[in-house]
Amino acid sequence: MSSVLATEATASRPLTRSDYKTLSLSALGGALEFYDFIIFVFFAAVVGKLFFPAEMPEWLRQLQTFGIFAAGYLARPLGGIVMAHFGDLLGRKRMFTLSIFLMAVPTLTMGLLPTYEQIGIWAPLALLLMRVVQGAAIGGEVPGAWVFVAEHVPSRYIGYACGTLTSGLTAGILLGSLMATLINSLYSPAEVLDWAWRLPFLVGGVFGLFAVYLRQWLHETPVFAEMQQRKALADEVPLKTVLREHRGAIVLSMLLTWVLSAAIVVVILMTPTLLQTVYGFEAATALKANSLAIVLLSIGCVVAGVLADRFGAGRTFLVGGLLLAISSWTLYTSLKAHPDWLFPLYALTGLFVGTIGAVPYVMVKAFPPVVRFSGLSFSYNLAYAIFGGLTPMVVSLLMKWDSLGPAYYVGTLCGVAVLIGVFLIAKKR
């Protein structure tokens, strides 16, 4: 009886200074870790020239460079499953700190690697190894961070906590974009190719190690500490329990991850290129509009989390999915006739992509604490590896059929989000 009363008291308490410190340090670390993971793509062209033979055909060099980038995504499920396994058995904080360390060291190493001209075939192999370690780290970081913040705050603030953390992750993409813009503005193409390309990796590695230090000040989650005290930890491999007893939660979480990953990939990562190739905008204009959209996305993530706390995730997905469908369709269909609408439309679409801020709210609650990290990590990383990798190819194929391919794909995602919203509302009733 006393433990029930204690739990109710904890759930109803306001957020404390300690909670805000935990959220701030977690979001900051997440932003720096996502920056480390994403910075590679902004310098892919330069890396391709330096880490593969000069006589290699351009298309093959580009294919191999993006193959190394993709290796990071393919390593996510394995890294996530292993780290989640130990996170459910040994503690959330240990894995939370380890994940950022495993990201910072390879990033720093990438900035110091010799090129193909210096060590031959060992250069791309070393780069591939670093990228695989990065992928394993991000596979543990994102689910681990959601579980960590959700188990620290009162239950009525889980949406706000997860939305804030997701906002930090999206801010990491913005940091990468701004760093790439800064490097290419300060240095000539020859200087970037010679040595300046190393700076973003070195800076990311150093800041990552600083984030490792900051995470030493965080405490183990009260939920895990209580399970440890009651000796209520998993008595078998946590993933085994997840696969046997929580298949419905896995399907729901994978569908939500599809919405999250594909919305980011299409609207945030692919659209700047589409703005240049399909709509005729200059690169600088497209990137400025993209940066604005990412800022609004970060704000939208926090708003969606707060709305999930206040009105439930079902209503948040229902309304957010409909608004994203309207704004994205308008964006892709009207820019050729009204190029002056780019900034407000892209910003609005970015804001509604922020509906994904409510995704971890549902996923964290879908699994019981004893297997929460493993269940969330397995579902999220497996779905991200599939949909994160397939989405660009599907959109490209759709565009061969119709230039509005991205609009149709995002519209389909919004339909899935709306259906999930209806399902969650019905389930609650």
Side-chain angles (χ1 to χ4, degrees), residues 27-48 65-66 69-70 72-73 103-104 107 110-111 131 134 138 141-142 165-187 189 191-193 196-208 211 260-277 279 281-302 331 342-354 356-357 388 391-392 406:
L28 175 63
L32 293 174
E33 186 157 359
F34 230 74
Y35 163 90
D36 284 355
F37 186 71
I38 209 78
I39 195 67
F40 183 98
V41 79
F42 292 107
F43 290 90
V46 177
V47 167
T65 306
F66 279 107
F69 176 71
Y73 282 94
M103 179 62 78
T107 307
M110 280 178 171
R131 189 66 191 160
Q134 279 191 327
I138 204 86
E141 165 70 15
V142 180
L165 196 281
T166 309
S167 174
L169 299 177
T170 59
I173 301 173
L174 180 61
L175 284 176
S177 177
L178 292 175
M179 175 60 86
T181 305
L182 181 67
I183 293 294
N184 286 297
S185 302
L186 291 178
Y187 302 104
E191 287 174 318
V192 172
L193 193 63
W197 69 271
R198 296 181 183 276
L199 294 176
F201 294 95
L202 297 173
V203 169
V206 170
F207 277 125
L260 180 151
S261 62
I264 291 284
V265 167
V266 179
V267 180
I268 301 301
L269 298 181
M270 290 184 74
T271 295
T273 304
L274 298 175
L275 290 175
Q276 296 167 62
T277 55
Y279 299 95
F281 287 97
E282 290 182 1
T285 306
L287 288 170
K288 282 177 188 172
N290 180 248
S291 296
L292 179 63
I294 297 173
V295 171
L296 270 292
L297 162 63
S298 298
I299 295 168
C301 286
V302 180
L331 174 72
L342 171 64
F343 281 85
L345 271 181
Y346 202 4
L348 201 60
T349 304
L351 179 68
F352 295 140
V353 170
I356 63 167
T391 291

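Just so you know, these numbers come straight off a predicted model, no measurement behind them.
Using a 4.5 Å heavy-atom threshold, the side chains of Leu297 and Leu351 count as separate. Between Phe34 and Val142, the closest side-chain pair of non-hydrogen atoms falls below 4.5 Å. Counting heavy atoms from C-beta outward, Thr271 and Pro406 have side chains that stay 4.5 Å or more apart. Under the 4.5 Å side-chain criterion, counting only non-hydrogen atoms from C-beta, Thr107 is not in contact with Leu202. The shortest distance between side-chain heavy atoms of Trp197 and Leu193 does not fall below 4.5 Å.
In this structure a side-chain-to-backbone donor-acceptor pair under 3.5 Å is missing from Arg131 to Phe40. Checked by atom type and distance alone, the side chain of Tyr35 never pairs as donor or acceptor with a backbone atom of Gly208 at under 3.5 Å.
The salt bridge (charged side-chain N to carboxylate O under 4.0 Å, His left out) test applied to Glu141 returns Arg215, not counting sequence neighbours.
For the residue pair Ile356 and Cys301, the shortest heavy atom distance occurs at CG1-SG, 4.2 Å. Across all non-hydrogen atoms, the minimal contact from Ile39 to Gly176 is CD1-O, 3.8 Å. The two residues Met103 and Gln134 make their nearest non-hydrogen contact at CE-O, 3.3 Å.
We find the OG-CG distance between Ser177 and Leu269 to be 10.0 Å, quoted to the nearest 0.5 Å. The distance from atom CE of Met179 to atom CG of Leu174, rounded to the nearest 0.5 Å, is 12.0 Å. In this structure, Asn184 CG and Glu191 CD are separated by 11.5 Å, a value rounded to the nearest 0.5 Å. Here the CG-CG distance, from Leu342 to Leu275, works out to 5.5 Å after rounding to the nearest 0.5 Å. Between the CG atom of Leu345 and the CG atom of Leu331 there is a distance of 5.5 Å, given to the nearest 0.5 Å. Remark: Ile183 CD1 to Thr181 OG1 distance equals 10.0 Å, nearest 0.5 Å.
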Without placing hydrogens or testing angles, list every side-chain donor-acceptor pair under 3.5 Å for residues 281-296, not counting sequence neighbours.
residue : atom : partner : partner atom : Å
Asn290  : ND2  : Ile268  : O            : 2.9
Asn290  : ND2  : Tyr346  : OH           : 3.0
Ser291  : OG   : Leu287  : O            : 3.0

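Seen from the ring of Phe43, Arg198 does not count as a face-on cation partner, given the 6.0 Å and 45° thresholds.
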